[in-house]
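Along the sequence shown, the residues carry numbers beginning at 1.
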Amino acid sequence: FLSRHLITPYMRTKMIDWMIEVLTVYECAPETFFLSVQIMDQFLSKTQETLENEHIHLIGMTSMLIAAKFNEIHKIRMWEMVEKIGQKEYKEEDYKIMERKILNRIGMENLIQTSVYDLVQTFFYDFTQNTKITNPNDKKFFEFVQETAIFLSKILCHYEKFYKFDHCYNAIGCLIAAVLIVKEKKIEFCSKEILAMLFNWINFLDAKNEYDLNQHILYAGEIINAFNSYFMIEGISYNLRYFTPLSYIN
């Protein structure tokens, strides 16, 4: 969706990093972050204009403004966007014009879509409702996997390349990558039983969605590479690590 534009992947990544900071400071739900990113990306995908790096800031801020109206009881107010978040770079009318552009181009019926985060949460809820883990170490391992998969769902937003697959494929990819990352980082909590339990679950999800498990494991390697490379992106504030750190990694 960036191929028609002059916006660089780096500028989009930088915008998403800043979105995390803004929405965390305003105590917005994770769903608001994912919806903000989806709105921004849908607009970039569907607009007929050729946009440049200088446009991404207004588009991203307006996307947050729209997303907060849907998800938050205490939405971000216009004066806060103008005065505090946008630092008076744009006027109120600029946001209103961009909001109309975005909504007209996307269409209200397409605005809200299930995100990778939503699917990851749903998969874990389903697992906990149908599976009992009794061993304390296995429980800890599972908690770390869940925490990591949610973290990875946010990592994926930073890289436009993951849009080549649908959200369900990416969500299951996050589960596989999370198991492999936690196994490496916290091997002391990893038993054969919990690994078998988790991969049986993943295998079931893949079979149900007609995905190839072996190919999916390879794809999870790309997600792990993104996880590792995130910490080496220059020029961003690493707000994901700062505001939602993994509890078991310093």
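- For the pair Ile233 and Tyr159, the minimum side-chain heavy-atom distance is below 4.5 Å.
- Sorted by first and then second residue, the salt bridge (Lys or Arg N to Asp or Glu O under 4.0 Å) pairs involving residues 205-223 (not counting sequence neighbours) are Lys164-Glu222.
- The main-chain N or O of Phe43 is never found under 3.5 Å from a side-chain atom of Thr47 such that the two would form a donor-acceptor pair.
- When each of Phe124, Phe123, Phe151, Phe34 is paired with Tyr117, the ring-ring contact (aromatic ring centres under 6.0 Å, His included) condition holds for Phe34 and for no other.
- Looking at residues two or more places apart in sequence or on another chain, you find a side chain to side chain contact (heavy atoms under 4.5 Å, CB included) between Leu103 and Ile66, Glu99, Met108, Leu111.
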Phe199 and Ile194: side chain to side chain contact (heavy atoms under 4.5 Å, CB included), yes or no, with the steps? CA-CA 9 Å; Phe199 271 104; Ile194 190 64; over 6 Å; no

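- You'll find the side chain of Tyr90 stays beyond 4.5 Å of the side chain of Met98, heavy atoms only.
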Identify every side-chain donor-acceptor pair in residues 171-190 under 3.5 Å, counting partners at least two apart or on other chains, and give the distances.
residue : atom : partner : partner atom : Å
Lys186  : NZ   : Glu188  : OE2          : 3.4

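- Every residue was checked against the salt bridge (Lys or Arg N to Asp or Glu O under 4.0 Å) condition with Glu72, not counting sequence neighbours, and none meets it.
- With a 4.5 Å cut-off on side-chain heavy atoms, Ile7 and Met15 do not count as touching.
- Side-chain contact between Leu35 and Ser115 is absent, with no heavy-atom pair separated by less than 4.5 Å.
- Side-chain heavy atoms closer than 4.5 Å link hydrophobic residues (I, L, V, M, F, W, Y) into clusters, and following such links, even through other members, never connects Leu218 to Ile223.
- Proximity of Lys96 to Met78: side-chain heavy atoms (C-beta onward) are separated by under 4.5 Å at one or more points.
- Lys46 and Ile106 make their closest contact through NZ-O, 3.7 Å (heavy atoms, listed as atom of the first residue, atom of the second, distance).
- For the residue pair Tyr248 and Thr148, a side-chain donor N or O sits within less than 3.5 Å of a side-chain acceptor on the partner.
- For residues 3-23, the pairs satisfying salt bridge (Lys or Arg N to Asp or Glu O under 4.0 Å) are Arg12-Asp41, with sequence neighbours left out.
- Looking at Gln87, its side chain does come within 3.5 Å of a backbone N or O of Lys84 through a donor-acceptor pair.
- Aromatic pair Tyr238/Phe231: centroids not less than 6.0 angstrom apart.
- Not a single donor-acceptor pair under 3.5 Å links the side chain of Tyr211 to the backbone N or O of Cys168.
- Between the side chains of Tyr125 and Gln121, no donor-acceptor pair of N or O atoms lies under 3.5 Å.
- Judged by distance alone, the side chain of Asn209 and the main-chain N or O of Leu205 form a donor-acceptor pair under 3.5 Å.
- Within the 4.5 Å cutoff, no side-chain heavy atoms of Lys154 are placed close to those of Ile20.
- Not one N or O on the side chain of Thr32 forms a donor-acceptor pair closer than 3.5 Å with the backbone of Cys28.
- Distance alone, capped at 3.5 Å, places no donor-acceptor pair between the Thr62 side chain and the Ile59 backbone.
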Identify each donor-acceptor pair in which a side-chain atom of residues 136-146 lies under 3.5 Å from a protein atom, sequence neighbours left out, and give them as a table.
residue : atom : partner : partner atom : Å
Asp138  : OD1  : Ser191  : OG           : 2.7
Asp138  : OD2  : Ser191  : OG           : 3.4

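- Follow the hydrophobic side-chain contacts under 4.5 Å out from Ile97 and you never reach Leu51; the two are in separate clusters.
- Side chains of Tyr10 and Asn53: a donor-acceptor N/O pair is absent below 3.5 angstrom, by distance only.
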Run the numbers on Met40 and Met19 for side chain to side chain contact (heavy atoms under 4.5 Å, CB included), then give the verdict. CA-CA 11 Å; Met40 180 177 72; Met19 278 179 166; 3.9 Å; yes

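- Residues Met61 and Trp18 are in side-chain contact: their nearest non-hydrogen atoms beyond the backbone lie under 4.5 Å apart.
- When all heavy atoms of Ser63 and Ile39 are compared, the closest pair comes out as OG-CG2, 3.6 Å.
- Looking at heavy atoms from C-beta onward, Phe33 lies in side-chain contact with Cys157 at the 4.5 angstrom threshold.
- Checking Asn130 against Asp126 by side-chain atom types alone, a donor-acceptor pair falls below 3.5 Å.
- Around atom CZ of Phe243, more than 12 heavy atoms belonging to other residues, nucleotides or ligands sit under 6.0 Å away.
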